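A quick write-up on the structure given underneath.
Just so we're on the same page: letters track the sequence lines, and every chain starts at 1. Computed from a predicted model, the values in this text were never measured in an experiment.
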Amino acid sequence: MSGLRILVPIKRVIDYAVKPRVNRAQTAVETANVKHSMNPFDELSIEEAVRLRERKVPVEEIVAFSAGPPKAQDVLRTAMAMGADRGIHVVVEESEQLEPLGVAKLLQQVVGQEKSNLVILGKQSIDDDANQTGQVLAGLLNWPQATQASKVTIEGDSVTVTREVDGGVETLRAKLPLIITTDLRLNEPRYASLPNIMKAKKKPLAKKTLKDYEGDFSARLKTLKVTEPPPRKGGVKVDDVDGMIGKLKELGAL
Amino acid sequence: MASVSRFSLPLRRLRCSSATSQKTSRLRPAAQVRWTTASTEPHQADKSGGTKGASAPAKVVKFTSETYPELKRDSKYSQITPEHVRFFQELLGSGSAVIDGLSTDATDDIEPFNSDWMRKYRGHSKVVLKPGSTEEVSKILKYCNNNMLAVVPQGGNTGLVGGSVPVFDEIVINLQRMTNIRSFDEVSGILVADAGVVLEIADNFLAEKNHIFPLDLGAKGSCQIGGNVATNAGGLRLLRYGSLHGNVLGIEAVLPDGTIVDDLIKLRKNNTGYDIKQLFIGGEGTIGIITAISILCPQRSSALNVAYFGLESYEKCQQAFREAKSQLSEILSAFELMDGRSQKLLNRATGRKLPLEGEHPFYCLIETSGSNSDHDSEKLTNFLEHVMESEIVSDGVLAQDQTQIRDLWSCREGIPECLGHWGGVYKYDLSIPISSMYEIVNDVRDRMTEAGLIGDDDAHPVVDVVGYGHMGDSNVHLNIPVRRYDKKVEKALEPFVYEWVQGKYGSISAEHGLGIQKKPYIGYSRSDTMIKLMKQIKDLYDPNGIMNPYKYL
Ligand SMILES: Cc1cc2nc3c(=O)[nH]c(=O)nc-3n(C[C@H](O)[C@H](O)[C@H](O)COP(=O)(O)OP(=O)(O)OC[C@H]3O[C@@H](n4cnc5c(N)ncnc54)[C@H](O)[C@@H]3O)c2cc1C
């Protein structure tokens, strides 16, 4: 085998340290003027791809891919600053929101064009929490999949993936080509260093639109309503131990 | 040791100060949130903390009166009696508002109010009062004044000059129960709130309204806005938002005779007479107790960026600062300096990984905040390219998301806390003309080396000599982390440091104030005339001298 051709799909989402707010019409989360950054699970995917190369696994190329609004190119630049070799940006307008199936259909064609033999995706994006894209893609490509990886080792075309399951770990082995989705403990993503941010500006970034791909990408679900969780009831302050015991009794905790 | 574990409570609050840290730990691999989950207790030894050789024993703080035997209790003050305590209990009603160490053994309860954050000063107070309203403060002070009972106003007890704890048996008046936010005007941005509101709570409240408290500092999870005003704290954003002397519009305070100074004005402009509230800003509780403030809060910036650089010399730090001012101008909101040693100690004490590969003699952190992220990013990118290409900075990182922004800030904000890891710290907070700001750190290090006080093992009291601070304000924090407080170290430091600063026409206390630590040295930064005028003010408002005695002047 000549080497790994890794595809890393990434998504621009509302920064996870920002508290999202539902819009007035209750149709979606407010995105205007809100800080966005790379989906944290996708940072892990990029990091893992770069580490494979640093571990001297023969990596031919790391391609970062994002389907999203024009601003999604910011996260692609970040991915390239972290070590991806080039980027592909499918510009998707606000009105043509993609569902996981749509994204997977795009990725299926990109995998073909790029001759990728390993796709590393985040296990989910923190905005939609769908946890589907990797799995649907594996189905479309008819490739094996190892989801929620916490450790990845590669020897030749044999890949060993450790995944955390309830109460323990599970170790899987599969041959390339393969789909991997990443989980939190896989690695610790690096900072984008200034020299690499400069270099990333000169790396190639291909711009496409949905028209460059075949298939039906239209949404099949309609969002009826988005609501915030009910506000937490404020606690009460008790003045002293007697007050606390009284309160606990009142609540039936004692 | 009960006192130790109790004391750690406010500290833990301090460390977990960021409201979202829980979320962080959920989404980040554990290693990256080490800072928020570290088990090392500052100012206390920890065997697993990466210190080479033996670690300092976790010892009880020495009484200030033992460390400084020349300090004597002034006999003009009455001894507190059970009768006094009964008065306070009747006045304040609720049991928890009075900690009575006179008729009961409340040593453990009182300990956190008696010892300071640095574990350097410790008083003998037997009584702590926690009034719940301005009227209660007024009645307490009037009673103390009539009965010649000395008091110490106390906020979050994070002050760094020993001002917030008693020396002998002064009564502690802590404002932690006064926590109302009284009003906020979304048009003018003016906040009116009780003095006991914790800074971070005030800032979170303002964040909900897209505003920001014009002050931010590492102790924000514990310190109170009244304490901030009483110390005229400077902090991390002074460069951008200016000093509290400008931002505080009004104050409500109580004088020792019970008079309520009702100057809680909500006006930016008010040229009608002497601006008496200014005396309380930085007054350190020596003329009265602040019970509420009104403060002008700016709009919160929606676009925030943070970069962290490694630089090869202090010369380059100055160049970077000049470039930042000229190229980032109005969006520059902080420019902080950290020397390589401070970052190395942060790494040693907490085990956290530093953002840059390799070591650099100096690090700077810059923050920009503005309203338009495209505009800011373009400016910042041009600036970063320039400083990289012209080799002003050797390496650097730019935060890509909010979590990285917080992590980079913690490389600066975490320093004061980690330096106490080995047992204690001698802290100097100095204003020095920017060109020679860092020389003092080198000079003090040389002095410690010559005196044979600095070294890697337990035989040497001094761990290292480090410098960091608010470069944008020409304010350096000279810190000497030690394994134990030691008279020899103190002799090598003082008056040397003060004379050095005086020689450069600097200030011996840029933002931390005078308290007990700097009281004897005010003469290095103020003339006899100025000190005389200050004493007149003190005598005018506090003729009996009951307010925070043995300190300040
Ligand atoms: C980790 C850390 C970082 C810090 N960083 C900075 C910094 O960047 N910049 C800076 O300027 N300072 C800094 N400080 C010190 C700073 O002075 C205090 O953190 C803060 O301003 C004091 O608030 P407090 O509520 O804790 O007051 P305390 O420590 O309780 O009191 C400080 C002084 O004010 C008096 N006082 C308190 N409340 C009142 C009141 N309501 N009325 C009258 N007098 C009162 C006390 O008597 C005492 O003299 C830092 C401290 C720590 C621990």
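Between B:Val397 and A:Ser193, the shortest heavy-atom distance links the atoms CG1-CA, 3.9 Å. For A:Arg190 against B:Gln404, the heavy-atom pair with the smallest separation is O-NE2, 3.8 Å. Smallest separation of non-hydrogen atoms from B:Gly396 and A:Pro195: O-CD, 4.2 Å. Here the shortest heavy-atom pairing between A:Leu194 and B:Leu398 reads CD2-CB, 4.1 Å.
We find the OH-CD distance between A:Tyr191 and B:Glu357 to be 12.0 Å, quoted to the nearest 0.5 Å. Here the straight-line distance linking atom NZ of A:Lys35 with atom OG of B:Ser302 works out to 10.5 Å at 0.5 Å rounding. Atoms CD1 and CG, from A:Ile14 and B:Asp401 in turn, are 14.0 Å apart once rounded to the nearest 0.5 Å. Distance NZ/A:Lys71 to OG/B:Ser373: 4.5 Å, rounded to 0.5 Å. The distance from the CE atom of A:Met198 to the CD atom of B:Glu385 is 5.0 Å, given to the nearest 0.5 Å.
At most 12 heavy atoms of other shown residues, nucleotides or ligands fall within 6.0 angstrom of atom CD in A:Glu94. A 6.0 Å sphere centred on NZ of A:Lys151 holds no more than 12 heavy atoms belonging to other residues, nucleotides or ligands. For B:Glu391, the CD atom counts as loosely surrounded, since its 6.0 Å shell holds 12 or fewer non-hydrogen atoms of other residues, nucleotides or ligands. Around atom CG of A:Asp129, more than 12 heavy atoms belonging to other residues, nucleotides or ligands sit under 6.0 Å away. B:Glu359 CD: 12 or fewer foreign heavy atoms inside a 6.0 Å radius. Applying the 6.0 Å contact sphere to CD of A:Gln26 captures more than 12 heavy atoms from other residues, nucleotides or ligands.
Residues forming a salt bridge (Lys or Arg N to Asp or Glu O under 4.0 Å) with A:Arg12 (at least two apart in sequence, or on another chain): none.
Side chains of B:Gln400 and A:Thr78: a donor-acceptor N/O pair is present below 3.5 angstrom, by distance only.
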side-chain contact (heavy atoms from CB on, under 4.5 Å) between B:Thr381 and A:Lys201, worked out: CA-CA 11 Å; B:Thr381 316; A:Lys201 289 180 135 188; 3.1 Å; yes
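With a 4.5 Å cut-off on non-hydrogen atoms, B:Tyr308 does not touch chain A at all. Heavy-atom distances place the backbone of B:Leu304, and not its side chain, under 4.5 Å from chain A. For A:Arg21, the part lying under 4.5 angstrom from a heavy atom of chain B is the side chain only.
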